Peer 1: 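Here you go, one structure.
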Protein chains: 2
Amino acid sequence: MQSILELRHLRTLLAIRDTGNLTRAAERLFLTQSALSHQLRLLEEHFALPLVMRKSSPLKLTPAGDKLAQLADAILPQVAHAERAIAKLREGEAGQLRIAVECHTCFDWLMPAMDTFRTHWPEVELDIVSGFHADPVSLLYEDRADLAIISEVEDNPDIACLPLFSFDMVALLANDHPLTAKPRLEAADFATETLITYPVADEMLDLVKKVLKPAGIKPQRRTSELTVAILQLVASRRGIAALPRWSVQHYLEKGYVTARPITANGLIAELHVAVNKGREETAYVADFVQTMREVSVLNLPGVTLL
Amino acid sequence: MQSILELRHLRTLLAIRDTGNLTRAAERLFLTQSALSHQLRLLEEHFALPLVMRKSSPLKLTPAGDKLAQLADAILPQVAHAERAIAKLREGEAGQLRIAVECHTCFDWLMPAMDTFRTHWPEVELDIVSGFHADPVSLLYEDRADLAIISEVEDNPDIACLPLFSFDMVALLANDHPLTAKPRLEAADFATETLITYPVADEMLDLVKKVLKPAGIKPQRRTSELTVAILQLVASRRGIAALPRWSVQHYLEKGYVTARPITANGLIAELHVAVNKGREETAYVADFVQTMREVSVLNLPGVTLL
DNA sequence: GCCAAACTATGATTCAAACTCATAATTTTC
DNA sequence: GAAAATTATGAGTTTGAATCATAGTTTGGC
């Protein structure tokens with residue numbers, strides 16, 4: 001008659017409620033779908049009550065499952081808070097976290113993540129290292145940054161690399177652009193177009209690096225600092241752009257511009273975090289990475305944790 | 001960097017804080033001392049901080065351990081509450097629990113336990129089956145009671161028997177009684193004394209059943225319903241009594257009467273719960289047994305859980 | 001201060017819970 | 001109604017949590 005309930009089960013319930021789907025819940029917890037299915041069955045046997053309604057998609061919680069999810073909502077934040085408090089006991093409250101960013105759109109999700117982090121670690125000094133750097137990792141070496149957000153895994157024994165998430169990039173066309181006739185764009189389609197981008201070097205654009213350069217295509221470029229401005233240019237037929245789908249979801253829904261996948265598999269961009277080796281074990285650094293992942297997956301549509 | 005913390009660990013921390021002692025904490029959790037030692041080491045490795053101060057008896061928690069204990073205080077009641085809520089979903093709120101009692105002193109600890117239980121299960125009708133019954137188990141058979149508190153394990157396939165706790169009985173003497181000269185009393189010492197007891201049959205008195213009858217000794221009896229009255233009689237040299245130590249602790253501390261162990265090993269009494277087979281799985285019945293154990297071990301000195 | 005008793009730590013071993021894998025069964029979608 | 005996606009299930013594996021046996025410490029009495 002002893003209780004078998006553990007925090008693990010509460011985390012599972014929340015993941016199921018949030019994703020409405022065992023398979024995705026399992027991914028979020030870094031477990032297999034099978035593990036969750038077994039776990040759930042054991043819990044339901046223990047309480048002798050169903051916890052989720054199987055005959056519905058998305059999966060919904062039963063009243064009993066809901067009670068547990070409410071419990072989870074109530075206590076998991078307390079647990080996280082206590083763990084942070086202990087990390088602070090060990091390391092002290094203070095510290096600094098200078099963030100180097102190489103991609104413009106990052107700011108969209110970085111800001112909310114930083115806000116959340118600030119409430120957990122008010123004594124940690126948060127900074128964004130100004131300007132955009134071709135090689136943010138060198139900033140780590142020079143101790144001008146503590147954490148870099150990069151788009152390719154850095155294979156380097158002095159650097160620890162942690163995965164953030166991936167998302168797909170889409171080509172953006174004016175609604176009446178002739179290329180909208182195609183279901184997807186290939187490298188060749190860009191040859192005669194003007195490419196509208198943020199003002200960064202070629203090698204920092206995933207589209208150029210992964211698609212156009214391999215195909216030997218070098219379209220005209222035009223740049224703008226702001227996402228809205230880029231969209232404005234696209235809409236007025238000055239060229240085409242390639243941006244993360246989540247950053248333009250809103251404009252697509254309003255019908256301002258049209259999106260098309262790039263290449264048959266889509267153009268998938270990844271983001272990673274780089275820190276000087278060993279630094280990833282500092283509690284507030286680990287917590288910041290965790291926060292970036294959680295906040296982003298929550299706010300950005302179509303983002304997948306790595 | 002994933003958290004390994006589980007509810008199990010929080011329960012351990014509380015047990016350590018409450019008992020100040022790994023060995024007793026382990027008993028309380030029905031684990032070995034070794035298990036707790038390993039568990040604690042793993043936790044401390046995880047947080048890279050000591051959680052309890054080893055060089056002190058009783059064991060004390062470090063600030064980090066204290067943080068976790070506070071967390072436990074905050075969330076374990078919530079967990080228990082949610083589990084009861086789910087049990088109620090399954091079984092409905094209501095039910096009845098008629099308690100048959102065979103021992104007089106039981107009321108001292110039964111009342112607080114019933115009070116606690118009532119706050120958890122307000123819709124369960126609590127009753128004490130009036131009068132004292134030589135055979136409370138027969139009340140279960142006749143469905144005149146749902147739960148009996150008995151002093152010997154009932155070996156019966158229709159009855160489920162659950163352990164409560166044990167405690168030692170002491171002989172009570174007037175402070176100037178000649179027998180106070182002896183470090184302990186043996187059966188023979190009772191031969192010429194008047195035994196003051198509650199008004200119950202011989203076979204329900206542990207002293208008679210386990211010590212005097214086997215020795216063929218049958219002292220004079222005098223009875224009283226009330227513990228204070230019995231003590232009053234003892235103090236005024238009308239005879240000697242045998243009562244649970246915890247029920248007279250208070251009077252002993254004030255020096256009203258003197259206590260002596262009975263026989264070399266002491267006279268250990270046990271209490272158990274009997275319910276009709278299967279009934280022990282009803283959530284509120286299981287919870288009542290749990291409550292009786294917890295409340296008693298908390299309030300009564302020298303009581304050991306079975 | 002020393003000895004016995006009580007308590008805690010540790011390594012080896014056992015055991016069971018929890019996970020993965022492979023695949024069957026079911027549900028959803030088009 | 002077929003294909004795709006999702007969930008369930010049984011077998012097998014891994015992991016970590018427990019026990020056991022015992023060594024090492026601490027405490028308390030004399």
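Just so we're on the same page: letters track the sequence lines, and every chain starts at 1. This one's a predicted model, so the numbers in the text were calculated from it and none came from an experiment.
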Peer 1: Measure the distance from NE2 on H46(A) to P on dA17(C) and round it to the nearest whole Å.
Peer 2: 13 Å

Peer 1: Could you state the atom-to-atom distance from CD of E44(B) to C1' of dT8(C) in whole Å?
Peer 2: 12 Å

Peer 1: Identify which nucleotide among dT8(C), dC19(C), dT19(D) has an atom closest to any side-chain atom of L59(B), counting heavy atoms from C-beta outward.
Peer 2: dT8(C)

Peer 1: For D155(B), does the CG atom have more than 12 heavy-atom neighbours from other residues, nucleotides or ligands under 6.0 Å away?
Peer 2: no

Peer 1: Return the value, rounded to whole Å, for the distance between atom CG of L22(A) and atom P of dT9(D).
Peer 2: 12 Å

Peer 1: For the side chain of Q39(A) and the base of dA18(C), is some donor closer than 3.5 Å to an acceptor across the two?
Peer 2: no

Peer 1: Counting side-chain heavy atoms from C-beta on, which of dT7(D), dT10(C), dC21(C) comes nearest to T32(A)?
Peer 2: dC21(C)

Peer 1: Between D18(A) and R24(A), is the closest basic N to carboxylate O distance under 4.0 Å?
Peer 2: no

Peer 1: Going by atom types alone, do S166(B) and E270(B) pair a side-chain donor with an acceptor below 3.5 Å?
Peer 2: no

Peer 1: So does R260(B) pair up with D189(B), basic N to acidic O under 4.0 Å?
Peer 2: no

Peer 1: Can you tell me the distance, in whole Å, between the CG atom of L36(A) and the C1' atom of dC21(C)?
Peer 2: 15 Å

Peer 1: How many whole angstroms separate atom CD of E27(A) from atom C1' of dA5(D)?
Peer 2: 13 Å

Peer 1: For L42(A) and dG10(D), give me the distance from atom CG to atom P, rounded to whole Å.
Peer 2: 13 Å

Peer 1: Any idea which of dT7(D), dT20(C), dT8(C) is nearest the R54(B) side chain?
Peer 2: dT8(C)

Peer 1: Could you tell me whether the side chain of S34(A) has a donor or acceptor atom within less than 3.5 Å of a complementary atom in the base of dC19(C)?
Peer 2: no

Peer 1: Near E152(B) CD, under 6.0 Å, is it more than 12 heavy atoms from other residues, nucleotides or ligands?
Peer 2: no

Peer 1: Looking only at the side chain of N21(B) (C-beta and beyond, no hydrogens), which of the listed nucleotides dA18(C), dA8(D), dC7(C) gets closest?
Peer 2: dC7(C)

Peer 1: Using whole Å, report how far CZ of R24(A) lies from C1' of dT6(D).
Peer 2: 10 Å

Peer 1: Within this structure, what is the CZ-to-C1' distance between R8(A) and dC19(C), rounded to whole angstrom?
Peer 2: 10 Å

Peer 1: Ignoring the backbone of Q33(A), work out which of dT7(D), dG11(C), dA11(D) is nearest its side chain.
Peer 2: dT7(D)

